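One structure below.
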Amino acid sequence: MEVFPSPLESAKFIADNSKDVSVDEEGARRVAESLFDKASTAEFGLEGWKSLHELNPRAASEEAVEWVFLVDTLNFSFWSEREEQKYLVKYKGKTYSGYWSLCAAVNRALDDGIPITSASYFATVTLDQVKHIFRSDTEVSIPLIEERHRVLNESGTVLLEKFGGSFFTCVKMSKRSAQKLLHLVLENFPSYRDEAVFEKKRVSFYKRAQILVADTWSVLEGKGDGSFEDISSLTIFADYRIPQVLVHLKAMKYSEELMKKLREGTVFQSGDKEEVEIRGCSIWCCALICKHLLELYEKKGQDMRDKINAVLLDYYLWDYARDHREEMKDIPFHQVRCIYY
């Protein structure tokens, strides 16, 4: 069995050796303090995953799990080169951008009778069909369309050959362990292997693989086959928005040199030193926020280990980033075109 580096251990190593990004321990503590009252509310809980986001599946069903697998297999690279030119999808009278445009396109296809969440369909779907399914309501098409087509064919083929065409089989095989499911995904689906080399060491982030496990937990409401006892072993999902929020909240800092590159709109390659530092430090910073949050509750005599974890913190911060976009305009997010996030 292949050994996959732990994202949390990778994050600590990156944070300890980072030159252009630093985690501010005091800042992380302040963020934890500011979240103290929210962390015990529904806003911070699992319920928010369905109630706050109308495009997510409502049912805790096998079909919903297949929907989650498809969406997370394609959950990468939605940023636009220019703010005024975006990939947008209109669905049920509403226009969606970013990740939600993907969800809207998937739901639109299902409404049109296209079995997009079925492995036997997406294992053989053609590039032209993919272009039609993810068509834009603007002049700007979805980024990396050829890569999306390739990843769909590859993942569908793996599901058919190894898991009877169903991701739910993987969920059952993991026997209610988030780590077992994570490893099953990494062993069998190459597009999920989000790794890099930093200071001559192999490090990992596994953004999409971890979010796939987390979204499976969320759609199944943490019950039955989705009651992962070890869900808190996952880290946050290192993308563009979370680092931006952490810098905005002063829990993380960028060097002047890095900030200059970001303001100039430098596009990094996946695995570039700066990109690895940004993502690794984000994971470590959020691990500290969770740790401080749990300590604050412990002081009040409350054990919140089943209510506070990096998954729920990520969901919260990601929504925060969307709701406070205007305030965060002065902090640019880093740009990378890749299939990992």
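Computed from a predicted structure; not experimentally measured.
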Measure up the Y99 and F78 rings against each other and bin them: parallel (under 30°), tilted (30 to 60°), perpendicular (over 60°).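 Correct class here is perpendicular.
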Side chain to side chain contact (heavy atoms under 4.5 Å, CB included) for H292 and E25? Distances and angles first, verdict last. CA-CA 10 Å; H292 292 315; E25 177 98 29; 3.0 Å; yes
Out of the candidates T216, N75, L234, V311, only one should pair with I211 under the side-chain contact (heavy atoms from CB on, under 4.5 Å) rule; please name it.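 Filter result, single survivor: N75.
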Can you tell which of V31, D319, L317 makes a side-chain contact (heavy atoms from CB on, under 4.5 Å) with V245? L317
Do [X] and [Y] have a side chain donor and acceptor closer than 3.5 Å?
| X | Y | value |
| --- | --- | --- |
| T138 | Q85 | no |
| E2 | H183 | no |
| D72 | Y192 | no |
| S232 | N309 | no |
| Y206 | E195 | yes |
| H132 | D128 | no |
| N56 | W67 | no |
| T157 | E154 | no |

Partner residues of K86 under the side chain to side chain donor-acceptor pair (under 3.5 Å) criterion, sequence neighbours left out: E83
Output every pair passing side-chain hydrogen bond (donor to acceptor under 3.5 Å, both in side chains) with a member in residues 262-271, not counting sequence neighbours, ordered by first then second residue.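 Listed by first then second residue: K260-E264.
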Look only at the side chain of [X] and the backbone of [Y], and say whether a donor-acceptor pair between them is shorter than 3.5 Å.
| X | Y | result |
| --- | --- | --- |
| R108 | I133 | yes |
| Q210 | K207 | no |
| D314 | A310 | no |
| Y240 | V336 | yes |

On a heavy-atom basis, which atom in R148 and which in L74 lie closest, and how many Å separate them?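 Heavy atoms of R148 and L74 come nearest at NH1-O, 2.7 Å.
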Using the ring centroid of each side chain, check whether F189 and F69 are separated by less than 6.0 Å.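 Centroid separation for F189 and F69: below 6.0 Å.
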Ring centers of F36, Y297 separated by less than 6.0 Å: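 Yes, the ring of F36 comes within the 6.0 Å limit of the ring of Y297, centre to centre.
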Taking ring-ring contact (aromatic ring centres under 6.0 Å, His included) as the criterion, tell me which of W318, W100, Y315 meets it with H53. W100
Between F168 and D225, is the side chain to side chain contact (heavy atoms under 4.5 Å, CB included) condition met? List the steps. CA-CA 9 Å; F168 198 71; D225 292 301; 3.5 Å; yes
Are the side chains of L70 and F167 in touch, meaning some heavy atoms are under 4.5 Å apart? no
Passes side chain to side chain contact (heavy atoms under 4.5 Å, CB included), M252 versus V21? Steps please. CA-CA 7 Å; M252 209 163 83; V21 185; 3.9 Å; yes
Do any side-chain atoms of residues 328-335 form donor-acceptor pairs under 3.5 angstrom with protein atoms, and if so which ones, sequence neighbours left out?
unit_1 : atom_1 : unit_2 : atom_2 : d
K329   : NZ     : E326   : OE1    : 3.4
K329   : NZ     : E326   : OE2    : 2.8
H334   : NE2    : Y341   : OH     : 3.0

